[in-house]
Amino acid sequence: MKRNFALIPRRKIPFLLALLTILAGFSGLVGWYLQMPALYTFLSHGASMKFNTALFITILGLSLFLATEEKRTAASVLCSLVLLFSTLTLAEHLLNIDFKIDQLLVIDTFTDAKEEHPGRMSAFTAFAFFLTTMGFEFALFKKYVWGQLILTVALLAIYAAFVGILFNINGLFTFGQYSSIALPTSIGLLSATLGCLSCTAHQGWLREIFSEYSAAVTARYAVLSFFLILPVFAGLLSLMLAKTDVSPGFAIVVLVTGFAALSYQLPFLY
């Protein structure tokens, strides 16, 4: 059964997300060049967006923009560049070597060299870049199912880190030594991953979710409700644990039950 539901034009959402990604990366670049740490460290609990991270987010945003203009080859070249450097950075972390790429363009005087390698993005950030660019490359080469699967995994990991940063839940955005992620980085990666997914919304298995059938409309609102409710849930859970003496288990049960009762009908209201 079809439902009269006007879909947003296919290229509008990825185009806007590409602009947001470019803005997130460019603001970090400006912060480094003008020595304004607030632009790449705000609300990040000590973490910072490295110069390379800001640069690669900008390049990834440009790649996404080119993809919305049907310039697949150029988009793939830029995406491959980010994939290459993220792979090299992961190798630096895993093999404890230095390829001399971390301060290739800008010297990092903000980072304490005794605590972490100056200029080097965290292992988690490099891995998020790796997943996002790998998934996008699959999509650009029309391997939509694999691309969307990898991008979905990246999206969930980045979104969890984003929620963790908002409510200072260390386990969600700090993964051992040198593996935390800054809020500006999470915003840039989140918009990039969403943009890459929306570029292929009418291909692969996402095609069913973004069709005009009523079940697909319901599925979209159900997913949207989840992503909007999760930060509220995490915030209230943190507040309840901080302000009351209830056990974590009891707080989780109360909040899950309450949210389920209040929100299960939301997808069916449209």
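These values consider heavy atoms only, across backbone and side chains, with no hydrogens, waters or symmetry-generated copies.
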side-chain hydrogen bond (donor to acceptor under 3.5 Å, both in side chains) contacts in which one or both residues fall within residues 20-32, not counting sequence neighbours | Thr21-Ser191
Which residues satisfy the ring pair (Phe, Tyr, Trp, His ring centres under 6.0 Å) test with Phe15, sequence neighbours excluded?
-> Phe65
In this structure, CG of Leu64 is separated from CG of Leu60 (nearest 0.5 Å) by 7.0 Å
Heavy-atom side-chain contact between Leu55 and Lys50 under 4.5 Å | no
Side chain to side chain donor-acceptor pair (under 3.5 Å) against Asn96, all qualifying residues, sequence neighbours excluded = none
Mind checking whether Leu83 and Leu95 sit in one hydrophobic cluster, side chains of I, L, V, M, F, W, Y counted as touching below 4.5 Å?
-> no
Between the OG1 atom in Thr185 and the CZ atom in Phe56, the distance rounded to the nearest 0.5 Å is 12.5 Å
Is His93 reaching over with its side chain to a backbone N or O of Phe124, donor-acceptor style, under 3.5 angstrom?
-> no
dist Ile187:CD1 -> Ile158:CD1 (nearest 0.5 Å) comes out at 12.5 Å
Closest heavy-atom contact between Thr68 and Pro14?
-> CG2-CB, 3.7 Å
Please name the pair of heavy atoms, one in Leu90 and one in Ala123, separated by the smallest distance, quoted to 0.1 Å.
-> CD2-O, 3.7 Å
In terms of hydrophobic clustering (I, L, V, M, F, W, Y; side-chain heavy atoms under 4.5 Å; direct or indirect links), are Leu84 and Ile59 co-clustered?
-> yes
Non-hydrogen atoms of Cys199 and Ala67 that approach each other most closely = SG-CB, 4.2 Å
Starting from the C-alpha separation in whole Å, work towards a yes-or-no answer on side chain to side chain contact (heavy atoms under 4.5 Å, CB included) for Ile97 and Phe99.
-> CA-CA 7 Å; Ile97 56 180; Phe99 290 122; 3.2 Å; yes
Please check if Phe127 and Leu81 belong to a single hydrophobic cluster, counting links between Ile, Leu, Val, Met, Phe, Trp and Tyr side chain heavy atoms closer than 4.5 Å.
-> no
Atom pair OG/CG of Ser198 and Leu151 - distance to nearest 0.5 Å = 10.0 Å
About how many Å separate SG of Cys196 and CG of Leu194, when rounded to the nearest 0.5 Å?
-> 9.0 Å
Can you list the other members of the hydrophobic cluster that holds Leu23, where links are side-chain heavy atoms under 4.5 angstrom apart?
-> none
Taking all atoms of both residues into account, what is the closest heavy-atom pair of Ile181 and Ala161, and its distance?
-> CG2-CB, 3.8 Å
Quick one: do Asp98 and Lys100 make a salt bridge, cutoff under 4.0 Å?
-> yes
Indicate whether any N or O donor in one side chain lies under 3.5 Å from an N or O acceptor in the other, for Lys71 and Thr73.
-> no
Just by distance, do the side chain of Thr125 and the backbone of Met121 share a donor-acceptor pair under 3.5 Å?
-> no
Search all heavy atoms of Leu78 against all heavy atoms of Leu62 and return the closest pair with its distance.
-> CD1-CB, 4.0 Å
To the nearest 0.5 Å, how far apart are CZ in Arg120 and CD1 in Ile101?
-> 8.0 Å
Is it possible for you to say whether Trp146 and Leu156 belong to one hydrophobic cluster, with membership spreading through side-chain heavy-atom contacts below 4.5 Å?
-> no
Which atom of Ala75 lies closest to which atom of Ser63, heavy atoms considered = O-OG, 2.7 Å
Tyr144 OH: over 12 foreign heavy atoms closer than 6.0 Å = yes
Under the side chain to side chain donor-acceptor pair (under 3.5 Å) test, which residues partner Thr200, sequence neighbours left out?
-> Gln148
Establish whether Met49 and Ile107 are linked, either directly or via other cluster members, by ILVMFWY side-chain heavy-atom contacts under 4.5 Å.
-> no
Using a 3.5 Å cut-off and no angle test, enumerate the donor-acceptor pairs between side-chain atoms of residues 130-143 and protein atoms at least two apart in sequence or in another chain.
from   : atom 1 : to     : atom 2 : distance (Å)
Thr132 : OG1    : Ala128 : O      : 2.9
Thr132 : OG1    : Thr193 : OG1    : 3.2
Thr133 : OG1    : Phe129 : O      : 2.6
Thr133 : OG1    : Phe130 : O      : 3.3
Glu137 : OE1    : Ser76  : OG     : 2.9
Glu137 : OE2    : Ser76  : OG     : 3.4
Glu137 : OE2    : Ser80  : N      : 3.1
Glu137 : OE2    : Ser80  : OG     : 2.5

